[in-house]
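Okay, structure first, notes after.
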Amino acid sequence: AAVVSQAIRRQVGQPMTVDGFRVDPAVSVGIATGALGDDPEGLLRDAVIALHEAKSHGRDGEAFADPRLAAEAGRRLPLTRAIRDGLARGEFVAWFQPIVTLPGGVLSGYEALARWVGPDGAVAAPADFLPVAEATGLVVDLDLSVIGQAAQALSRLPSPLTVAVNASAATLAHPDYPARVLDCLTSRGV
């Protein structure tokens, strides 16, 4: 399987020209092996998990299915669903931490921090949801939600107070990120 994977990656990885532009394609491969009688859906699930593992290490790689990764994915799936539902219900809120200048302790602004407040009022620690949000790509929607709330708060603050917002690398790399931030600020009069 590894030899075939490497041959595929080598062939697909050949540079090509598309509409006058050089393209250097890359392929990531997830490999799951089984025995006669194994469940095809289980093998496919394991291959997809291995593919995500290969992609997490960068372009043009391969990874073999690992039972530990499959178990982790089984634990991650319900949390992924809960994060998606929480985003839809507006459960992710910006909490504003004061930023003060030293010496003197003069308030200069706030930092907007993402918090997940569940339907029962319980607040989840960022370490409990951010790694899964990042791994599943849901962090982009989460970041944009916090940016919207931060822009709304900034529109009500007196000058020269500021609001800082953390954004994940995935959000910053999103092609329409600058336009969405600008739209968010403009629509709130900032």
Side-chain angles (χ1 to χ4, degrees), residues 18-26 28 48 51-61 72-73 75-190:
V18 177
D19 291 334
F21 294 98
R22 179 185 164 130
V23 177
D24 295 301
S28 296
V48 168
L51 174 61
H52 288 295
E53 177 68 13
K55 287 180 177 182
S56 74
H57 296 294
R59 296 172 22 126
D60 195 32
E72 174 62 27
R75 285 189 297 277
R76 188 185 306 175
L77 186 60
L79 183 54
T80 300
R81 196 170 300 120
I83 292 170
R84 187 173 284 113
D85 292 345
L87 283 165
R89 289 190 300 261
E91 294 174 0
F92 289 89
V93 297
W95 282 12
F96 296 92
Q97 176 175 295
I99 299 173
V100 296
T101 57
L102 297 176
V106 177
L107 179 68
S108 63
Y110 298 90
E111 179 180 9
L113 304 170
R115 295 297 183 262
W116 186 5
V117 181
D120 61 354
V123 179
D128 293 341
F129 64 86
L130 280 178
V132 173
E134 288 176 354
T136 59
L138 292 170
V139 73
V140 175
D141 291 333
L142 193 157
D143 284 348
L144 290 170
S145 171
V146 171
I147 289 168
Q149 294 171 59
Q152 185 66 40
L154 184 59
S155 73
R156 296 187 307 261
L157 290 176
S159 184
L161 293 179
T162 62
V163 176
V165 180
N166 296 314
S168 70
T171 300
L172 293 173
H174 207 272
D176 65 349
Y177 176 68
R180 288 179 77 174
V181 170
L182 183 59
D183 179 56
C184 188
L185 294 170
T186 306
S187 68
R188 289 164 177 86
V190 178

For the atom pair CG (Leu154) and CZ (Phe96), what is the distance rounded to the nearest 0.5 Å? 9.0 Å
Shortest non-hydrogen contact between Gln149 and Val93, atoms and distance: OE1-CA, 3.2 Å
Contact summary for Gly148 and Arg188, nearest pair of heavy atoms: O-NE, 3.1 Å
Separation between CG of Leu142 and CD of Glu134, rounded to the nearest 0.5 Å: 9.5 Å
Backbone N or O of Glu53 within a donor-acceptor pair of the Ser56 side chain at under 3.5 Å? yes
Test item: Tyr177 and Leu172 side chains (from C-beta on) under 4.5 Å apart, heavy atoms: yes
Identify the two heavy atoms, one from Ala54 and one from Ser28, that lie closest to each other, and give their separation to 0.1 Å. CB-CB, 4.3 Å
Would you call the rings of Trp116 and Phe92 parallel, tilted or perpendicular if under 30° counts as parallel and over 60° as perpendicular? parallel
Counting only heavy atoms from other residues, nucleotides and ligands, does the tally under 6.0 Å from CG of Asp19 exceed 12? no
Gap between atom CG of Leu161 and atom CZ of Arg156 - 0.5 Å precision: 13.0 Å
Decide yes or no on side-chain contact (heavy atoms from CB on, under 4.5 Å) for Glu91 and Asp85, but give the supporting numbers first. CA-CA 9 Å; Glu91 294 174 0; Asp85 292 345; over 6 Å; no
Looking only at non-hydrogen atoms, find the nearest pair between Val132 and Ile83 and report the distance. CG1-CD1, 3.9 Å
Restricting to non-hydrogen atoms, name the atom on Thr80 and the atom on Leu138 that form the minimum distance, rounded to 0.1 Å. O-CD1, 3.7 Å
What's the separation between atom CG in Leu79 and atom CZ in Arg84, rounded to the nearest 0.5 Å? 11.0 Å
For Asp24, all residues meeting side-chain hydrogen bond (donor to acceptor under 3.5 Å, both in side chains), sequence neighbours excluded: Arg22
Step by step, would you call Trp95 with Val123 a side-chain contact (heavy atoms from CB on, under 4.5 Å)? CA-CA 11 Å; Trp95 282 12; Val123 179; 3.8 Å; yes
Any chance you could measure Arg180, atom CZ, to Ile147, atom CD1, to the nearest 0.5 Å? 9.0 Å
For Val139 against Ser168, the heavy-atom pair lying closest together: CG1-OG, 3.3 Å
